[in-house]
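From a predicted model like this one, the values you see are computed outputs, not experimental measurements.
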Amino acid sequence: MFHNGLHILYVNGKYRGNDEIGKLMHNFSCTNPEDMRNKAAQNKAKKTAIYLIKLGKMTLEEIVEATELSLNMVKELENQSMQLI
């Protein structure tokens, strides 16, 4: 325990149980946000992609690289964001 009240926890990253820790370890190992079980993390990647699309300073390929979403997903998000305008 640190003097500021923080703790360090060690977790086996290979653990894949059906409990919350197992789901979290699965999400940490995902290289594609679309494979994540945690929908909040997946939604964050999608919101980031929409933000980058609206900025208009990056190509779709650059957004794919930045968010690790598939090109099809980024194109779908682009279509959705254009319909909202």
Next item on the list: Measure the spacing between CD of Glu65 and OG1 of Thr59 and express it to the nearest 0.5 Å.
Entry: 9.0 Å

Next item on the list: Measure the CD1-CD distance between Ile63 and Glu78 for me, rounded to the nearest 0.5 Å.
Entry: 7.5 Å

Notebook entry, point to check: Does some side-chain heavy atom of Ile50 sit less than 4.5 Å from a side-chain heavy atom of Lys54?
Noted result: yes

Item checked: Contact summary for Ser81 and Ile53, nearest pair of heavy atoms -> OG-CG2, 3.7 Å

Note to self: With side chain to side chain contact (heavy atoms under 4.5 Å, CB included) as the criterion, how do Gln42 and Lys46 come out once you've worked through the C-alpha distance, each side chain's angles and the decisive distance to 0.1 Å?
What the structure shows: CA-CA 6 Å; Gln42 188 181 85; Lys46 289 179 180 180; 3.8 Å; yes

Next item on the list: Count the heavy atoms of every other residue, nucleotide or ligand shown that sit under 6.0 Å from CD of Glu62, and state whether that count exceeds 12.
Entry: yes

Check: Should Leu52 and Met73 be counted in the same cluster of Ile, Leu, Val, Met, Phe, Trp and Tyr side chains packed under 4.5 Å apart?
Finding: yes

Note to self: Nearest 0.5 Å, please: how far is OG1 in Thr48 from NZ in Lys44?
What the structure shows: 5.0 Å

Next item on the list: Please go through Val11's hydrophobic cluster and name the other residues, only I, L, V, M, F, W, Y counting, with side-chain heavy atoms under 4.5 Å joining them.
Entry: Tyr15, Ile21, Leu24, Met25, Phe28

Item checked: Over 12 non-hydrogen atoms of neighbours within 6.0 angstrom of CG in Asn18 -> no

Note to self: Let me confirm one number: the CG-CG distance from Leu77 to Leu60, rounded to the nearest 0.5 Å.
What the structure shows: 10.0 Å

Notebook entry, point to check: Ignoring hydrogens and geometry, is there a side-chain-to-backbone donor-acceptor pair from His26 to Asp35 under 3.5 Å?
Noted result: yes

